[in-house]
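Encoded as structure tokens, the structure appears first; notes follow it.
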Amino acid sequence: MIKYLKTRWKIGVLALLMVAVTAGILFLYDIPLEPVGYVAVFEMLLTGLGLMWDYHKYRKKQESLLYIRDCGNFSEEYLEAPENENEAIYREICRSMDEKRIEAENQRSAFGTELTDFYTLWVHQIKTPIAAARLLLQEEKPRPQEIQNELFKVEQYVEMVLSYLRLDSDSTDYVLREYPLDDILRQAVRKFAKMFILKKITLDFQETGKTVLTDEKWLLFVVEQVLSNALKYTPEGGTIRIYGDGATVVIADNGIGIREEDQARVFEKGFTGYNGRADKKSTGIGLYLCRQVMDRLNHGISLTSRPGQGTLVRLDLSREWRMIE
């Protein structure tokens with residue numbers, strides 16, 4: 001009650017002022033003091049009744065607000081209709097903020113579910129090269145080259161999950177500069193050199209001589225992911241070609257290819273397709289990350305394939321970066 005009166009002290013002051021003014025006017029007209037007192041008491045009584053009614057509404061509204069606060073959810077069904085335009089505006093602000101809160105919670109929940117699913121699959125996949133390396137170490141004559149190959153696969157999985165986490169991070173920055181395209185392609189080729197040798201896969205690398213406006217780190221990540229897939233699904237003795245086609249970089253292999261019904265979905269998150277399910281080598285996240293990165297760089301990526309003949313991936317680097325104002 002005291003807190004309420006503190007918010008309504010101006011009404012009390014105004015009521016006393018009105019009583020004083022009324023009494024003064026009646027006194028000037030030589031009205032006896034007794035009727036003047038009656039008028040003053042009547043006005044104070046009306047003011048008191050008004051405050052009591054207002055306090056009842058104040059308490060009812062406060063109880064509704066406290067209930068909503070304790071529940072943690074904004075619900076208009078527990079509130080009375082707004083009494084004025086300002087209350088209607090406040091109600092609209094609360095509704096808008098609550099909708100944004102729910103949307104943010106849903107996004108966090110969805111991301112958490114996706115992250116859990118990805119980690120579950122990722123852990124299952126990374127156990128394979130670790131187990132293979134352990135078996136190789138238990139042999140009487142360890143094969144260092146094959147052990148290094150399994151460790152390389154582990155590194156690839158770790159880099160993938162780090163890129164997955166960094167991609168939507170607020171701290172992710174894109175350093176856009178003019179880079180020699182061939183330098184980026186060579187970095188990827190050098191990284192997978194041992195894989196080419198181990199699987200006896202021929203590399204046909206034709207220099208493009210191009211310069212491209214891009215982010216070197218993220219474009220290199222895309223090239224590595226595409227090259228890793230090509231190596232993964234190209235049998236021993238196969239060939240991988242890297243060449244330029246205008247403003248497009250083409251990475252082509254003569255591996256097992258991709259089914260036609262799977263090609264439209266290869267860039268979806270978590271989609272492994274027939275090949276990924278058959279050999280259990282795919283996490284279904286690599287090409288998804290490639291599409292996300294290329295979209296952020298305002299580049300393009302597309303894929304065509306024929307089962308049994310190979311896959312061709314095009315990285316379109318022709319479009320310029322769109323600055324967001």
Side-chain angles (χ1 to χ4, degrees), residues 103-129 153 156-170 172 174 188 192 214-215 217-234 240 248-253 255-319 322:
E103 182 180 357
E105 287 182 354
N106 291 337
Q107 290 177 350
R108 284 196 297 270
S109 177
F111 179 74
T113 301
E114 292 174 357
L115 199 60
T116 300
D117 294 342
F118 171 67
Y119 272 127
T120 302
L121 181 59
W122 178 81
V123 169
H124 174 74
Q125 295 294 333
I126 202 172
K127 287 169 63 178
T128 303
K153 292 178 182 178
Q156 287 293 101
Y157 282 123
V158 172
E159 288 180 7
M160 181 183 294
V161 75
L162 290 175
S163 298
Y164 179 80
L165 294 174
R166 285 197 300 258
L167 186 63
D168 292 321
S169 172
D170 294 336
T172 299
Y174 296 93
F192 290 93
T214 190
D215 181 286
K217 178 184 70 176
W218 284 105
L219 181 59
L220 177 60
F221 168 80
V222 172
V223 175
E224 288 177 355
Q225 287 298 313
V226 175
L227 198 54
S228 175
N229 283 347
L231 284 164
K232 186 186 300 181
Y233 296 110
T234 300
I240 294 177
T248 300
V249 174
V250 179
I251 301 177
D253 64 66
I256 61 176
I258 303 172
R259 287 186 172 188
E260 183 177 356
E261 59 267 28
D262 289 342
Q263 293 180 32
R265 300 185 59 193
V266 293
F267 294 106
E268 294 180 10
K269 180 187 291 187
F271 182 77
T272 58
Y274 174 80
N275 294 337
R277 292 189 297 270
D279 59 18
K280 298 182 174 64
K281 292 181 179 179
S282 175
T283 59
I285 204 72
L287 288 179
Y288 164 78
L289 291 176
C290 290
R291 167 61 61 83
Q292 296 300 310
V293 170
M294 295 298 275
D295 286 346
R296 283 164 171 75
L297 294 176
N298 200 32
H299 298 327
I301 182 171
S302 59
L303 178 150
T304 56
S305 182
R306 290 185 179 181
Q309 297 185 30
T311 301
L312 185 148
V313 178
R314 292 180 174 273
L315 306 179
D316 181 6
L317 310 177
S318 62
R319 291 175 292 176
R322 292 193 299 264

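Quick note: numbers below take in every heavy atom, side chains included, and nothing from hydrogens, waters or symmetry partners. This is a predicted model, so every value here is computed, not measured.
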Evaluate the side chain to side chain contact (heavy atoms under 4.5 Å, CB included) criterion for residues His299 and Thr214: first the C-alpha distance (whole Å), next the side-chain angles of each, then the deciding distance (0.1 Å), finally the verdict.
CA-CA 9 Å; His299 298 327; Thr214 190; 3.0 Å; yes

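- In terms of the side-chain contact (heavy atoms from CB on, under 4.5 Å) criterion, residue partners of Val293 (sequence neighbours excluded) are, by chain and number, Leu167, Trp218, Phe221, Val222, Leu297.
- To the nearest 0.5 angstrom, Thr248 atom OG1 is 12.0 Å from Ile251 atom CD1.
- For Ala188, the side-chain contact (heavy atoms from CB on, under 4.5 Å) partners at least two apart in sequence or on another chain are Leu220, Val223, Glu224, Leu227.
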Begin from the C-alpha positions of Gln292 and Arg296 and carry the test side chain to side chain donor-acceptor pair (under 3.5 Å) through to its verdict.
CA-CA 6 Å; Gln292 296 300 310; Arg296 283 164 171 75; 3.2 Å; yes

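- Here Leu289 contributes atom CG and Met294 contributes atom CE; the two are 13.0 Å apart, rounded to the nearest 0.5 Å.
- Glu159 pairs by the salt bridge (charged side-chain N to carboxylate O under 4.0 Å, His left out) definition with Lys191, not counting sequence neighbours.
- To the nearest 0.5 Å, atom CG of residue Leu315 and atom SG of residue Cys290 are 8.0 Å apart.
- Every side-chain contact (heavy atoms from CB on, under 4.5 Å) that Ser228 has, sequence neighbours left out, goes to Gln156, Phe192.
- Judged as a salt bridge (Lys or Arg N to Asp or Glu O under 4.0 Å), not a single pair has a partner in residues 299-311 (not counting sequence neighbours).
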Carefully, step by step, assess Val249 and Asp316 under the rule side chain to side chain contact (heavy atoms under 4.5 Å, CB included).
CA-CA 7 Å; Val249 174; Asp316 181 6; over 6 Å; no

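- The minimum heavy-atom distance between Val158 and Val161, with the atom names listed, is O-CG1, 3.1 Å.
- Counting heavy atoms from C-beta on, the side chains of Leu219 and Leu317 come closer than 4.5 Å.
- For the pair Leu303/Phe267, a side-chain contact is recorded, criterion being any heavy-atom separation below 4.5 Å from C-beta on.
- Checked against side-chain hydrogen bond (donor to acceptor under 3.5 Å, both in side chains), Arg291 has no partners two or more places apart in sequence or in another chain.
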Side-chain donor-acceptor distances from residues 307-314 under 3.5 Å, at least two apart:
unit_1 : atom_1 : unit_2 : atom_2 : d
Thr311 : OG1    : Ser305 : OG     : 2.9
Arg314 : NH1    : Asp245 : OD2    : 2.9

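- The backbone N or O of Leu287 sits nowhere less than 3.5 Å from a side-chain atom of Gln225 that would complete a donor-acceptor pair.
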